[in-house]
Novice: 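Provided herewith is a single structure, encoded as structure tokens, for subsequent inquiry.
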Amino acid sequence: MTEQSMVKQERAARTRDALIRSAAEVFDREGFPVASLAAISALAGVSNGALHFHFPNKAALADAVEEAALARLLAVAEAEPAPGASRVQLLVDVTHGLAENLRGDVVLRAGFELSGEVSRAPEVDLRERWRSWVEGTLEQAYDGGELRPEVAAGDAGGAVVAATVGFEVLGARDAEWLSAATVTRFWRLLLPTLVPAALLAELEPEGTGEGVREG
């Protein structure tokens, strides 16, 4: 590959990334149904022709935003805990990390919003992927004796997903719903109903600071 070809590829990649971020900003601000390609291309500083070179229509742009957002979600949710670490504490930490990233990352935020506005396959639906991760983590916690015997992992997962997705939706209007204080209050209320008293004292509802922050 010649140097000129490499420069062209790098320029095309930068343009594509700029379009994805601009689309996320417009989707986040206006919603997918009313967002216009003209507004997206103007925000990215490119022509409509350049936009259509990379994305044939708005649905293709939405797919790209959601794929980029999914990569960010997986970076937050799939961080490996230390050997022997509590799965419940991991869940607490990841919810803090997710809230922090939703506050600061418009691509991640738009990806979650698209999950509610546009029908998606489960493998790319951010809310569905989040539900699956939460339930899987709680099943591991149950198998490890970290949950009270009477607590069903599925029921606990439903409560966590409902609350965190609710924070995400409400946070679109008021960022306080995605604050560390809000997430901490939620866990202070929920943890005593989930875990045995002996484990409760070892958990930190405010998080351990191990949640992943994407740049």
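In what follows, residues are counted from 1 in the order of the sequence shown. Hydrogens, waters and symmetry mates play no part in the numbers below; they use all other heavy atoms, side chains included. On a predicted model such as this, the values are computed, not experimentally measured, just so you know.
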Novice: Supply the atom-to-atom distance I40 CD1 to I20 CD1, rounded to the nearest 0.5 angstrom.
Specialist: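 Reported value, rounded in 0.5 Å steps: 11.0 Å.
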Novice: Are L98 and V183 close enough that some pair of their side-chain heavy atoms sits under 4.5 Å apart?
Specialist: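 They are not in side-chain contact.
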Novice: Mind listing the closest non-hydrogen atom pair of V151 and Y142 along with its distance?
Specialist: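 For V151 versus Y142, the nearest heavy atoms are O-CE1, 3.3 Å.
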Novice: Any salt bridge linking E168 with R109? Criterion: basic side-chain nitrogen under 4.0 Å from a carboxylate oxygen.
Specialist: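 No, E168 and R109 are not salt-bridged.
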Novice: Taking all non-hydrogen atoms of both residues into account, name the closest pair between L61 and L19 and its distance.
Specialist: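 Here L61 and L19 meet closest at CD2-O, 3.9 Å.
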Novice: Return the minimal non-hydrogen interatomic distance between L51 and L37, and the atom names on each side.
Specialist: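 Residues L51 and L37, closest heavy atoms: CD1-O, 3.6 Å.
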Novice: Could you state the interatomic distance from CD (E100) to OG1 (T95), rounded to the nearest 0.5 Å?
Specialist: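 The distance works out to 11.5 Å.
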Novice: Quick one: pull up OG1 in T164 and CZ in R131 and give me the separation to the nearest 0.5 Å.
Specialist: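 So the OG1 of T164 and the CZ of R131 are separated by 12.0 Å.
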Novice: Does T193 use its side chain to pair, donor to acceptor, with the backbone of L189 at less than 3.5 Å?
Specialist: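 No, the answer is negative, given that no donor and acceptor are paired below the 3.5 Å cut-off.
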Novice: Any salt bridge linking R29 with E25? Criterion: basic side-chain nitrogen under 4.0 Å from a carboxylate oxygen.
Specialist: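 No, this pair does not count.
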Novice: Are the side chain of K58 and the backbone of F32 linked by a donor-acceptor contact shorter than 3.5 Å?
Specialist: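 Between the backbone of F32 and the side chain of K58 there is a qualifying donor-acceptor contact (under 3.5 Å).
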Novice: For the pair W187 and L203, evaluate side-chain contact (heavy atoms from CB on, under 4.5 Å) and give the outcome as yes or no after the intermediate values.
Specialist: CA-CA 10 Å; W187 282 115; L203 297 175; over 6 Å; no
Novice: Which atom names give the shortest non-hydrogen contact between A64 and F55, and what distance separates them?
Specialist: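 What the structure gives for the nearest pair is CB-CE2, 3.5 Å.
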Novice: Taking L170's backbone N and O only, do any of them form a donor-acceptor pair with W177's side chain (distance below 3.5 Å, no angle check)?
Specialist: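 Such a contact is absent between W177 side chain and L170 backbone.
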Novice: Between the main-chain N or O of L91 and the side-chain N or O of T137, is there a donor-acceptor pair closer than 3.5 Å?
Specialist: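 Absent.
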Novice: Find the distance between CG (D155) and CD (E135) and round it off to the nearest 0.5 Å.
Specialist: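 Output value for this atom pair is 9.5 Å.
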Novice: Kindly compute the distance separating CZ (R14) from CZ (R11), expressed to the nearest 0.5 Å.
Specialist: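 Here the interatomic distance stands at 7.0 Å.
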Novice: Is a donor on one side and an acceptor on the other found under 3.5 Å between the side chain of D105 and the backbone of N101?
Specialist: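 Side chain of D105 to backbone of N101: no pair is present.
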Novice: Verify the neighbour count for atom CZ of R148: are there more than 12 heavy atoms of other residues, nucleotides or ligands below 6.0 Å?
Specialist: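 Enclosed.
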Novice: Just by modelled atom types, is the L178 backbone N or O under 3.5 Å from a matching donor or acceptor in the R103 side chain?
Specialist: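 Checked: pair present.
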Novice: Between L194 and A156, which heavy-atom pair has the shortest distance, and what is it?
Specialist: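 Smallest heavy-atom distance, with atoms named: CD2-CB, 3.7 Å.
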Novice: Do we see a donor-acceptor contact under 3.5 Å between the side chains of S115 and W130?
Specialist: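 No, because no side-chain N or O of S115 sits under 3.5 Å from a partner of the opposite role on W130.
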Novice: Quick check: does any side chain N or O of E146 sit under 3.5 Å from a backbone N or O of R87, one acting as donor and the other as acceptor?
Specialist: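 Flag set: sc E146 to bb R87 pair under 3.5 Å.
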Novice: Examine distances only and state if a side-chain atom of S132 and a backbone atom of R129 form a donor-acceptor pair shorter than 3.5 Å.
Specialist: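 No; judged by distance alone, with no hydrogens or angles, the pair does not exist.
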Novice: Answer with yes or no whether the side chains of Q89 and T208 bring together a donor and an acceptor at under 3.5 Å.
Specialist: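 No.
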Novice: Would T15 and H54 count as a side-chain contact (heavy atoms from CB on, under 4.5 Å) if you check the C-alpha gap in whole Å, the side-chain angles of each, and the deciding distance to 0.1 Å?
Specialist: CA-CA 9 Å; T15 299; H54 291 278; 3.8 Å; yes
Novice: Would you sort out whether S86 and E202 count as a side-chain hydrogen bond (donor to acceptor under 3.5 Å, both in side chains), showing the intermediate values?
Specialist: CA-CA 9 Å; S86 163; E202 301 175 7; over 6 Å; no
Novice: Measure the spacing between CG of L138 and CG of L90 and express it to the nearest 0.5 Å.
Specialist: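 L138 atom CG to L90 atom CG measures 10.0 Å (nearest 0.5 Å).
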Novice: Donor-acceptor check, side chain of H96 to backbone of P205, threshold 3.5 angstrom: yes or no?
Specialist: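 Side chain of H96 to backbone of P205: a pair is present.
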Novice: Show the numbers, then the answer: is there a side-chain contact (heavy atoms from CB on, under 4.5 Å) between L126 and L108?
Specialist: CA-CA 9 Å; L126 267 70; L108 180 62; 4.0 Å; yes
Novice: Using side-chain heavy atoms (C-beta onward) and a distance below 4.5 Å, is F167 in contact with L102?
Specialist: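 A side-chain contact is absent here, since even the closest heavy-atom pair is not under 4.5 Å.
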Novice: Evaluate the side-chain proximity of D28 to F112: yes if any heavy-atom separation is below 4.5 Å, no if none is.
Specialist: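 F112 vs D28: side chains apart.
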Novice: When you group the ILVMFWY residues by side-chain heavy-atom contacts below 4.5 Å and let the links chain together, are L43 and F53 in the same group?
Specialist: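 No, it is not one cluster - the side chains of F53 and L43 are not joined through contacts under 4.5 Å.
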Novice: Do the side chain of T182 and the main chain of E176 share a donor and acceptor less than 3.5 angstrom apart?
Specialist: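 Side chain of T182 to backbone of E176: a pair is present.
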Novice: Quick one: closest heavy-atom pair of A69 and V107, and the distance?
Specialist: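 In this case the closest contact between A69 and V107 is CB-O, 3.4 Å.
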